[in-house]
Structure formats: C-alpha cells, structure tokens
Amino acid sequence: MRFSKMFLPTLKEAPSDAEVISHKLMVRAGMIRKLAAGIYDLLPLGLMAQRKVENIIREELNRAGAQEVFLPSIQPAELWQESGRWNLYGRELLRVKDRHDRDFCYGPTHEEVITDLVRREVRSYRQLPLNLYQIQTKFRDEIRPRFGVMRCREFTMKDGYSYDLDEKGVEETYRKMYDAYCNIFRRCGLKFRAVEAETGQIGGSFSHEFMVLADSGEDSVATCESCDYSANVEKAEVRQDARCKMQDAREELKPMEVVSTPDKKSVDEVSEFLKVEKERIVKTLIFETENGIVAALVRGDHDVNEAKLKKLLKCDVINLAGEKVVEDVTSAPSGFAGPVGLNLKIVADNSVMGIKNFVTGANLKDAHRVNVNINTDFKIDLSGDIRMVKDGDLCSRCNGTLRVYKGIEVGHVFKLGTKYSESLKATYLDENGKEKLIVMGCYGIGVGRTVAASIEQNHDDNGIIWPMPIAPFQAIVLSLNMKNTDVVHTSENIYQTLTDSGIEVLVDDRDERPGIKFKDADLIGIPIQIIIGEKNLKEGKAEIKIRKSNKRIIVPVSDMEKQVRGLIKELTPA
RNA sequence: CGGGGCGUGGCUCAGCCUGGUAGAGCGUUCGGUUCGGGACCGAAAGGUCGGAGGUUCAAAUCCUCUCGCCCCGACCA
C-alpha cells in the first residue's frame with residue numbers, strides 16, 4: 001500500500017472529546033472517526049487491525065472445532081418475548097418497528113436467534129455437540145458510552161454458542177473455548193488474566209472473564225500474588241483471618257451510649273469527628289429486595305458487594321434504598337442509620353462479627369451510638385461474606401495477598417446450562433428416545449475493544465506500538481527524499497520486493513519532509529520502519545528501526561528482505 | 001435519568017463577563033527557498049459563530065426554548 005494513495009488522515013492534535021489514550025491515538029492515527037455518541041466509522045487502518053484480530057479468532061476457534069455462521073442483526077420481538085428478555089433487557093435493547101408496525105430489535109447478543117436455529121434443526125443426540133460462532137455488529141444502547149471504541153453502543157463482537165448433550169459435554173467444550181481464548185489473546189500480544197466472574201445479565205452457572213490489565217479499565221480484578229487465583233472483585237471471595245479481628249479478645253464490652261455527631265454522615269466524617277478508626281465503625285445500608293427491606297452491616301472501611309448479598313439472601317432483585325425509604329425505616333435522614341432498634345432483617349458481613357464496642361448510626365438525626373455490641377445491643381439474623389475484597393486482603397485459596405487491578409474485559413466465557421434451551425424449548429432425543437434439554441455455553445470477545453485494549457497496553461508518547469500479529473502493516477518504508485531518484489528507486493524496489501514476498505508493507509511515498517514521515521510512522525505504530533535516506537544509500541545501505549525497542553540497525557539494501565523477514569519472526573510470538 | 005461543562009473555518013482554541021468590521025495556530029491551495037524528527041518566506045481560499053425565537057438602532061456576545069457533544073454520578077448513608 002502507498003501512503004500517498006491510502007485514506008489515512010493522521011492528526012497532529014487529538015480531538016477534544018477523547019479521554020483515554022487508545023481513543024486519542026486511534027483518532028490521531030486515522031483509524032476511527034466518530035459519527036454519533038458511541039458510534040464510530042472504522043477507517044482502513046483501523047479495519048486492518050481489526051481484521052487481524054478477527055482472523056486470529058477464526059483460526060483458533062476453527063481449530064477448537066467451532067464453525068462460523070452469520071446471523072441477522074435485526075431480530076423479531078417474538079423470539080425475545082419467548083425467552084422473556086423482551087421485558088427483562090431494559091432500555092439497552094434498541095427496539096424498532098418495521099413498516100407493518102411489527103416489533104424488532106437490533107441484536108445486543110444472539111442467544112435467541114441461534115438457539116432458534118438450532119432447535120429447528122437438531123433432533124437427535126447424533127447431531128451434537130455443536131459449536132457455532134459469528135463475528136457481528138451488535139448494538140447496545142448504553143446508558144453512557146465512553147472511552148471511544150472501548151465502550152460504545154455499536155461494536156463488533158465475536159459471539160459463540162455451544163450445544164452439548166449434557167453437563168460433562170459442556171464442561172469439555174467450555175475448557176476448549178477457555179484454552180482457545182488464552183491462545184487468541186496471547187497471539188494478540190496482550191497481557192491478560194482469565195478471572196472468575198459473575199454471570200450477570202446473560203445468566204448461567206459459572207464463567208470466566210478475560211481481562212487486559214490497564215489503568216483505564218472499568219472493571220476491577222483481584223489477583224493473588226502467590227497463587228493463580230484471579231477473580232472479578234464482584235466475585236472474589238474474602239478470607240477470614242486473624243488480621244480481620246484487629247482487636248484484643250480480652251477487650252471488655254462497654255455500655256452503649258448515644259453521642260451527638262452534627263452533620264457527620266459519612267464514615268470518613270464520623271471517623272474524623274469521633275477519633276475512631278474506620279475499622280471500628282459499622283455501616284448500615286438499607287436494601288430493598290423482592291422479599292422486603294433488609295439492613296446490611298459492613299465495616300466502615302469495607303464496601304457491600306451486592307452480588308454476594310443477593311446470593312446470601314437468596315433473592316433476585318436487590319437495590320439500595322432511596323432517601324425516602326431510609327427515612328421511613330430508620331426514622332432518621334440517611335447517614336445516621338444503625339442496627340440498634342431497627343425492625344428489619346439484619347445481615348452482617350463476617351468481619352463485623354469480630355468487632356467489639358463499635359460505632360454505628362443512632363437512627364436519629366445528627367447522632368451515632370458508640371460501644372455498640374452484637375447480641376448485647378441487637379441481634380443479627382444472618383451473617384456471611386457480603387463485602388467487596390480490597391487490595392491487601394488475604395487470598396481465599398492460599399496465604400498470599402490479593403492485589404486489585406483495573407482491567408478491560410475483552411472476553412467472557414459462560415457455562416449457560418439449560419436456561420435458554422428451556423425457555424426456547426431446544427431439545428433432542430437421546431439414544432433411548434427420551435427427550436432432553438440441550439446444554440449450552442456461550443462465549444464472547446469484544447473485537448474492537450481488543451484492538452483498543454492492545455493500544456492501551458502498547459504505546460508511548462509518540463504513538464501506537466502494534467504487536468506484530470495485529471499490526472495493520474508489518475513494515476513501513478520511509479522514502480525520506482522524494483526528489484532524490486536514488487532514494488525513490490530504492491524505496492520502490494524494497495517495497496516491491498517485500499510485497500512480492502508476502503510481507504505487508506506500507507511505503508511512505510508522499511512528497512513530505514522527513515520529520516513528518518518519522519512522526520506519522522511512529523504514530524501509526526508499524527513495528528518495523530525501513531528508513532531510506534541519501535547518506536546511508538551512498539554506501540548501499542539503509543536503516544531499520546524497531547518501533548518497540550527503538551533499536552536501529554544499518555543493513556545493506558541487498559540484504560533487506562532477509563533482515564525484515566528475520567525481524568518479523570523475532571517479533572511474532574510463537 | 002440527575003449534576004456540571006462545551007458547541008466559533010477541516011483540527012485545536014481565543015473573542016462572550018462589559019453588545020458595535022469574526023480572530024490565532026495548525027491544516028488546505030498557489031509560488032519560492034528548504035529536505036534525517038511535525039521547516040521558512042510570500043500570496044490565497046475557507047465561518048448564516050449548532051438551530052429556532054426574543055430583547056435591541058445593532059447579537060458570536062444578553063434572554064428563552066431546542067438539538068448535539070463531553071465529563072461526573074446514578075450502590076456505600
């Protein structure tokens with residue numbers, strides 16, 4: 001490809017609406033342009049990188065026994081009504097009507113469509129297992145799209161669905177997909193972690209998320225320093241240990257008192273005002289569930305994990321109560337809730353059980369209670385692990401320390417079970433002629449997000465540094481002086497030779513000054529720069545610069561192909 | 001959906017408070033000098049100041065409405 005002919009509009013300055021690095025660089029490098037909030041045009045350079053990722057995905061999935069299909073992006077409402085998600089999915093589901101006033105939606109995911117296909121075609125156990133995937137545009141009407149291509153409304157996703165005879169079958173498929181995902185992300189040059197995750201809206205019994213570690217990530221991952229335990233903080237288990245107690249067992253129980261705390265609502269304020277460590281304050285959070293209102297107690301330095309609370313309470317819906325409900329229930333403005341005298345079901349985190357003489361809200365405006373003790377002053381109905389892990393907690397699997405990192409979720413695998421085969425009646429006849437539910441798994445990869453995540457992990461002040469496997473071009477030839485015929489001819493020759501031998505090369509044949517070419521080459525991040533300038537050329541030589549290491553070598557022009565070939569190999573992970 | 005901010009040439013932004021000829025840098029076009037890290041000189045094109053309404057002799061500027069975009073929040077009392 002020739003730079004002079006390519007639609008590659010690079011920018012010196014980043015657009016003012018770009019926040020994260022990948023977004024800025026993708027716009028500056030001429031990969032994307034915004035059409036509307038959360039909706040982007042993909043330009044040639046951007047598409048090339050994305051196609052590279054797509055092809056790696058295809059190779060690994062096909063190798064693992066999956067088959068590619070292509071399903072409609074517009075889906076009839078009936079299917080979603082049948083699965084029950086037409087109502088459940090909420091406003092993220094973009095609904096449209098056709099000219100006959102029939103309801104459709106733009107697919108945010110394809111469980112319904114593909115399960116409908118499978119249920120119509122699969123009758124016998126002989127036709128299973130089946131593992132189908134597609135690479136498709138999805139639309140999710142996000143509350144707040146942000147970070148460029150990282151969290152947008154329209155995006156490209158690889159989604160795959162597996163159909164097995166039984167639990168054993170799906171577990172094997174799941175493992176295969178898990179391994180394939182590891183290969184895919186490794187080949188994309190990403191530093192990632194496969195972490196245990198909550199199943200969320202898609203539902204199902206267990207799942208792993210593939211997280212790319214990056215500060216700009218919107219998810220938090222807890223990772224053990226000593227063993228290989230990794231989990232989304234939503235899911236990560238807390239280990240109870242001696243350190244949690246932090247109190248002398250011999251400390252005597254003191255009589256409870258009410259103290260005035262004018263306008264001190266938050267744990268920070270109360271801790272400061274009463275000169276008490278946050279560990280000795282107990283927060284009382286009021287939640288509404290389908291089975292009534294409950295009060296959840298966690299230590300002042302901890303946060304409630306709603307997913308865990310939900311599980312402990314065995315309920316489906318859980319929402320933090322609003323101001324009004326809090327006032328009704330505690331007869332005090334929010335900020336002063338406490339367990340003493342509350343006529344609610346009270347759930348406590350394990351760590352609360354070990355504290356004595358702690359501080360809580362008094363259920364009175366501008367007042368807290370001190371020296372509160374469980375059993376003496378109030379009773380707990382239920383206790384368990386209901387808090388979010390935090391950095392420095394102990395690992396639940398070993399004695400290591402957990403670290404919490406930010407991560408970008410690029411892939412997710414679920415063991416779905418029979419959730420959809422049940423609602424959509426996807427069944428088969430087993431060898432005894434008995435009808436059984438097909439057992440499903442589902443597997444997603446955010447393709448565009450993977451590209452963005454790679455940039456988050458691979459860049460410097462000058463621009464993108466593509467890992468070789470997903471670089472839009474493997475090499476770029478910088479013809480430094482278009483007025484010098486030797487330079488031009490040599491650049492052309494090298495470009496032709498490399499291209500003919502199957503290497504993906506961009507030649508910067510624009511009539512621009514060298515500085516501009518260097519800057520653009522760095523910006524668009526091509527791994528190998530081949531720099532053709534007069535001085536070196538007089539000795540029949542040219543320079544090669546490795547974008548990643550900034551290493552420069554001078555090689556004879558005649559040796560170029562061999563050198564480049566060697567470097568490509570060197571820069572491609574096995 | 002709540003709070004905040006911003007819409008002025010292709011891009012980044014100034015001008016708005018205090019109404020009176022629409023600006024800069026980058027980019028683009030033409031001519032010349034330059035040519036290994038975003039050059040320089042000269043000339044030029046390009047904007048109904050997001051849109052609608054209002055106030056005024058006069059509106060980018062003040063008021064009202066509207067659309068778009070961005071940020072923060074929408075679980076922690």
message: Need one value for Ile286(A): base, sugar-phosphate or nothing, where a base atom within 4.0 Å counts as base even if backbone is also close, heavy atoms only.
response: base
- prompt: If you measure from the C1' atom in U18(B) to the same atom in G5(B), how many Å do you get, rounded?
  reply: 23 Å
message: Any carboxylate oxygen within less than 4.0 angstrom of a Lys/Arg side-chain nitrogen, looking at Glu492(A) and Arg2(A)?
response: yes
task: Rounded to whole angstrom, note down the P distance from U56(B) over to G3(B).
output: 32 Å
- request: Considering only atom C1', compute the distance from G23(B) to A14(B) and round it to an integer number of Å.
  value: 7 Å
query: So what does Ala296(A) hit on the nucleic acid, given a heavy-atom distance under 4.0 Å: a base, only sugar-phosphate, or nothing?
result: nothing
field: Pairing nucleotide - A14(B), Watson-Crick or G-U, each distance under 3.5 Å
entry: none
field: C40(B): pairing nucleotide in any strand, Watson-Crick or G-U under 3.5 angstrom
entry: G32(B)
- prompt: If you measure from the C1' atom in G15(B) to the same atom in C76(B), how many Å do you get, rounded?
  reply: 45 Å
- request: Look at the side chain of Glu306(A) and decide which nucleotide, out of C75(B), G36(B), C76(B), has an atom nearest to it.
  value: C75(B)
message: Between Glu142(A) and Arg151(A) (salt bridge meaning N to carboxylate O under 4.0 Å), is one present in this structure?
response: yes
message: Rounding to an integer number of angstrom, what distance separates G46(B) and C67(B) when you compare their C1' atoms?
response: 26 Å
query: How would you label the contact of Pro9(A) with the nucleic acid (heavy atoms, under 4.0 Å): base, sugar-phosphate, or nothing?
result: nothing
- line: Side-chain atoms of Lys283(A) come closest, of G38(B), G37(B), C76(B), to C76(B)
- request: Determine which nucleotide pairs with A45(B), using a 3.5 Å limit on both distances of a Watson-Crick or G-U wobble pair.
  value: none
field: Identity of whatever pairs with C1(B) - Watson-Crick or G-U, under 3.5 angstrom
entry: G73(B)
- prompt: How close or far is atom P of C72(B) from atom CD1 of Ile143(A), stated in whole angstroms?
  reply: 14 Å
- prompt: When we call it a touch if two heavy atoms are under 4.0 Å apart, what does Lys310(A) touch: a base, just sugar-phosphate, or nothing?
  reply: nothing
query: According to the Watson-Crick and G-U wobble definitions, with both distances under 3.5 Å, which nucleotide is paired to G27(B)?
result: none
task: Send over the distance from Ile516(A) CD1 to U28(B) C1', rounded to a whole Å.
output: 13 Å
- prompt: So, for Ile408(A) and Met150(A), which heavy atoms are closest and what is the spacing to 0.1 Å?
  reply: CD1-CE, 3.6 Å
query: Thinking salt bridges, do Asp511(A) and Lys483(A) make one under a 4.0 Å N-O criterion?
result: yes
Polar pairs (N or O, both sides) under 3.5 Å between protein and nucleotides 32-35 of chain B?
from   : atom 1 : to        : atom 2 : distance (Å)
U34(B) : O2     : Arg513(A) : NH1    : 2.5

query: Are more than 12 heavy atoms from other residues, nucleotides or ligands located less than 6.0 Å from atom CD of Glu272(A)?
result: no
- prompt: What distance separates Phe378(A) CZ from Leu297(A) CG, expressed to the nearest 0.5 Å?
  reply: 5.5 Å
Scan nucleotides 67-71 of chain B against the protein and return all N/O pairs shorter than 3.5 Å with their distances rounded to 0.1 Å.
from   : atom 1 : to       : atom 2 : distance (Å)
C69(B) : OP1    : Ala37(A) : N      : 3.0
C69(B) : O3'    : Lys34(A) : NZ     : 2.9
C70(B) : OP1    : Lys34(A) : NZ     : 3.3

query: Distance under 6.0 Å and angle within 45° of the ring axis: does Arg95(A) meet both against Trp86(A)?
result: yes
- prompt: Which part of the nucleic acid, if any, lies within reach of Phe287(A) when heavy atoms closer than 4.0 Å are counted: base, sugar-phosphate only, or nothing?
  reply: nothing
message: Please report the distance separating the P of U61(B) from the corresponding atom of C6(B), rounded so that it comes out in whole Å.
response: 15 Å
message: Take a 6.0 Å sphere around CG of Asp215(A) and say whether it holds more than 12 heavy atoms from other residues, nucleotides or ligands.
response: no
- request: May I ask you to say what Thr330(A) touches in the nucleic acid, namely base, sugar-phosphate or nothing, with a heavy-atom cut-off under 4.0 Å?
  value: nothing
query: Looking for any heavy atom pair under 4.0 Å, which part of the strands does Arg552(A) touch: base, sugar-phosphate only, or nothing?
result: base
field: Separation between the C1' atoms of C13(B) and G27(B), rounded to whole Å
entry: 14 Å
query: Is there a Watson-Crick or G-U wobble partner for A52(B) with both distances under 3.5 Å, and which nucleotide is it?
result: U64(B)
message: Taking A22(B) as the reference, what is the distance to G9(B) when you measure between their C1' atoms (whole Å, please)?
response: 11 Å
- prompt: Where do Ala452(A) and Ser22(A) come nearest, in terms of heavy atoms and distance?
  reply: O-CB, 3.4 Å
query: Starting at the 5' end of RNA chain B, which residue's closest nucleotide do you reach first, Ala14(A) or Asp520(A)?
result: Ala14(A)
message: Counting only Watson-Crick pairs (N1-N3 plus N6-O4 or O6-N4) and G-U wobbles (N1-O2, O6-N3), all under 3.5 Å, who is the partner of G20(B)?
response: C57(B)
field: First of Val267(A) and Arg91(A) reached from the 5' end of RNA chain B, by closest nucleotide
entry: Arg91(A)
- request: With salt bridge (charged side-chain N to carboxylate O under 4.0 Å, His left out) as the test, would you mind laying out the steps for Lys34(A) and Asp41(A) before giving the verdict?
  value: CA-CA 6 Å; Lys34(A) 184 167 69 187; Asp41(A) 303 317; over 6 Å; no
- request: Using a heavy-atom cut-off of under 4.0 Å over every strand shown, decide if Arg28(A) touches base, sugar-phosphate, or nothing.
  value: base
- request: Report which part of the nucleic acid Asn484(A) touches: base, sugar-phosphate, or nothing (heavy-atom distance under 4.0 Å, all strands).
  value: nothing
task: Check whether any side-chain N or O of Asn371(A) sits under 3.5 Å from a backbone N or O of Lys254(A) as a donor-acceptor pair, and report yes or no.
output: no
field: Single hit among Arg280(A), Lys283(A), Arg387(A), Lys390(A) for side-chain hydrogen bond (donor to acceptor under 3.5 Å, both in side chains) with Asp301(A)
entry: Lys390(A)
